[in-house]
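To start, the structure under review is shown below, and the notes come after it.
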Amino acid sequence: MDPRIDRVADRIAAAERVVVLTGAGMSAESGVPTFRDSGRDPGGLWDRFDADEIGTAGGLLGFLISKPWEGIEFLKDLRDVFAAAQPHAGHIALTELQRAGRLDAIVTQNVDGLHQQAGSERIIELHGTFARRRCVLCGLREAVDRASLLDAFDRMIVKLGSYMVAHPAHLLDRCVCGGLFRPDFVAFGEAVQDLDAAVEAARSAEVMIVCGTSGVVYPAATLPGEARGAGAFLVEVNPDDTELSAVAHERLRGTAAGVLPGLAARVRQRLASVV
Ligand code: NAD
Ligand code: ZN
């Protein structure tokens, strides 16, 4: 068995505060495609659609209005991703670590709500979530369950297909104040959410596990450095080298679903043996 897993399990079992930072790779095995390793998913969503073009809120709406047929294809694909995504063994392993008292917080860049679905708590969603919508006028935020999200996609798809959409406003639902609702995720160029809480979690961590992030999206990519600077032991879980590999104390080369369950099991063994 890999001695590195044992070393990391020792650290986690002994630590008061463990924090996990997750990125798109955490959800890859749930069928949610990542942005930056499209080689793993040839022909996948981000192979066919340019994340840089449609990653901004204005870019996305402009794309939908100006290229409705491509827009429909994109929305259908995204709808299918959300319809099918379920937490995998790696998400569940984090929930188990938390229930064993060995995971303080999860800071995630993901917008898919899979950590919540797996039963984890104390989740800081830096890039917001599709499980909520926000009025762009009055700021009202409302939870959106999976069925309502899929319904919103379906209604947008029907409207785009009916040639009735001359303006982005026609695609979106309205708040009681008259403003437009948009999904409460953070698009490219927008300010992240809950950054103070994320930085505080990073600085207070004794161990930080960084899983499935390429480390090129800021300010999320500064968090491992914040943690390490404050004395944390830094662990990377990723099948590939990333921008963050050089600052990690331990690199576990594997996938989230491949590595995290074994790691959590080892931590539980250690906790059981000290009782
Ligand atoms: P990224 O797409 O830039 O990089 C993905 C990383 O995950 C890579 O380092 C890759 O090697 C690694 N990876 C791939 N498969 C993995 C697996 N099975 N297990 C572990 N690691 C794996 O991801 P990022 O750094 O999170 O940046 C992408 C940005 O786009 C984020 O801001 C995020 O908000 C957004 N995004 C979110 C989702 C989602 O919500 N699931 C999906 C795509 C993009
Ligand atoms: Zn409003």
Side-chain angles (χ1 to χ4, degrees), residues 20-41 44-47 49 51-52 54-56 77-78 81-82 84-91 93-94 107-117 123-131 133-142 149 172-193 198 209-224 235-245 248 251-261 263:
V20 174
L21 171 66
T22 63
M26 181 77 214
S27 299
E29 288 153 296
S30 293
V32 185
T34 58
F35 280 170
R36 286 178 190 78
D37 54 343
S38 58
R40 285 171 199 285
D41 185 21
L45 191 65
W46 301 122
D47 228 18
F49 299 101
D52 289 328
I54 59 180
T56 63
D77 274 23
L78 201 58
V81 165
F82 277 108
Q86 294 294 336
H88 59 63
H91 293 103
L94 294 182
V107 181
T108 188
Q109 299 166 79
N110 297 340
V111 296
D112 51 40
L114 289 173
H115 287 300
Q116 283 88 342
Q117 237 185 288
I123 302 161
I124 300 168
E125 294 177 307
L126 269 184
H127 294 170
T129 177
F130 272 84
R133 63 183 188 171
R134 175 178 93 233
C135 171
V136 295
L137 196 58
C138 74
L140 177 73
R141 287 182 153 98
E142 284 180 1
L149 179 64
L172 302 170
D173 290 336
R174 280 196 189 275
C175 173
V176 283
C177 82
L180 294 171
F181 273 122
R182 56 162 280 179
D184 195 16
F185 74 99
V186 175
F188 290 163
E190 297 177 343
V192 299
Q193 301 180 5
I209 304 169
V210 181
C211 180
T213 181
S214 57
V216 300
V217 177
Y218 284 81
T222 63
L223 296 172
V235 182
E236 177 175 69
V237 178
N238 198 306
D240 292 330
D241 271 337
T242 73
E243 297 293 317
L244 300 169
S245 300
R251 287 167 287 278
L252 304 178
R253 288 282 162 260
T255 67
V259 171
L260 295 174
L263 179 60

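All ligand and atom numbering here is 1-based and tracks the order in the structure. For clarity, every value in this text was computed on a predicted model and none was experimentally measured.
- In terms of heavy atoms, Ala220 sits closest to Pro224 at O-CD, 3.6 Å.
- Without hydrogens or angle criteria, Glu29 side chain to Ala257 main chain gives a donor-acceptor distance under 3.5 Å.
- Distances between N or O atoms of Asp112 and those of ligand 1 include at least one value under 3.5 Å.
- Of all the atoms in ligand 1, the ones that sit under 4.0 Å from a non-hydrogen atom of Thr242 are 9 (O).
- Between Phe188 and Phe35, the ring planes lie perpendicular to each other; the angle is over 60°, past the 30° to 60° tilted range.
- When only interatomic distances are considered, the shortest N/O to N/O separation between Val32 and ligand 1 does not fall below 3.5 Å.
- Atoms of ligand 1 found under 4.0 Å from any heavy atom of Asp240, numbered from 1 in the order shown, are 11 (O).
- Using a distance-only test at 3.5 Å, with no hydrogens or angles considered, no donor-acceptor pair links the side chain of Arg134 to the main chain of Asp184.
- The shortest distance between side-chain heavy atoms of Arg253 and Asn238 falls below 4.5 Å.
- Taking 4.5 Å as the limit, every side-chain heavy atom of Met26 sits out of range of all side-chain heavy atoms of Thr108.
- Heavy atoms of Val111 found under 4.0 angstrom from ligand 1 belong to the backbone as well as the side chain.
- Within the 4.5 Å cutoff, the side chain of Thr213 has no heavy atoms near those of the Thr242 side chain.
- Taking the side chain as every heavy atom from C-beta outward, Gln117 and Asp112 never approach each other to under 4.5 Å.
- When heavy-atom distances to ligand 1 are checked against a 4.0 Å cut-off, Thr213 comes that close through both its backbone and its side chain.
- Under 4.0 Å is where a charged nitrogen must lie from a carboxylate oxygen, and between Arg133 and Glu142 at least one such pair does.
- A heavy-atom distance below 4.5 Å is found between the side chains of Phe181 and Leu140.
- Looking at His127 and Val217, their side chains come closer than 4.5 Å, going by heavy atoms from C-beta outward.
- Here 4 is the count of protein N, O or S atoms positioned under 2.8 Å from the Zn ion (ligand 2), waters not counted.
- In this structure, Pro33 counts as a contact residue of ligand 1, since one of its heavy atoms falls inside 4.0 Å of the ligand.
- For the residues Glu125, Glu236, Gln109, Glu243, the heavy atom positioned nearest atom 34 (O) of ligand 1 is part of Gln109.
- The ligand atoms of ligand 1 that sit less than 4.0 angstrom from a heavy atom of Gly23 are 26 (O).
- Atoms of ligand 1 lying under 4.0 Å from at least one heavy atom of Gly212, given by number and element, are 5 (C), 6 (C), 7 (O), 20 (C), 21 (N).
- For the pair Phe35 and ligand 1, the shortest N or O to N or O distance falls below 3.5 Å.
- Selection from Cys211, Ala221, Ala24 by nearest heavy atom to atom 26 (O) of ligand 1 gives Ala24.
- Contact check for Arg174 versus Leu180: side-chain heavy atoms found under the 4.5 Å cut-off.
- Residue Glu29 has at least one nitrogen or oxygen atom sitting less than 3.5 Å from a nitrogen or oxygen atom of ligand 1, judged on distance alone.
- Nearest heavy atoms, Ser27 versus Asn110: OG-ND2, 3.2 Å.
- For His88, the ring-ring contact (aromatic ring centres under 6.0 Å, His included) partners two or more places apart in sequence, or in a different chain, are His91.
- Close contacts of ligand 1 with Val217, meaning ligand atoms under 4.0 Å from a residue heavy atom, involve 27 (O), 32 (O).
- Distances from atom 9 (O) of ligand 1 to the heavy atoms of Leu260, Val259, Asp241, Asn238 put Asn238 nearest.
- Considering backbone and side-chain atoms alike, Ser214 places an N or O below 3.5 Å from some N or O of ligand 1.
- Atoms of ligand 1 lying under 4.0 Å from any heavy atom of Ser27, numbered from 1 in the order shown and given with element: 41 (N).
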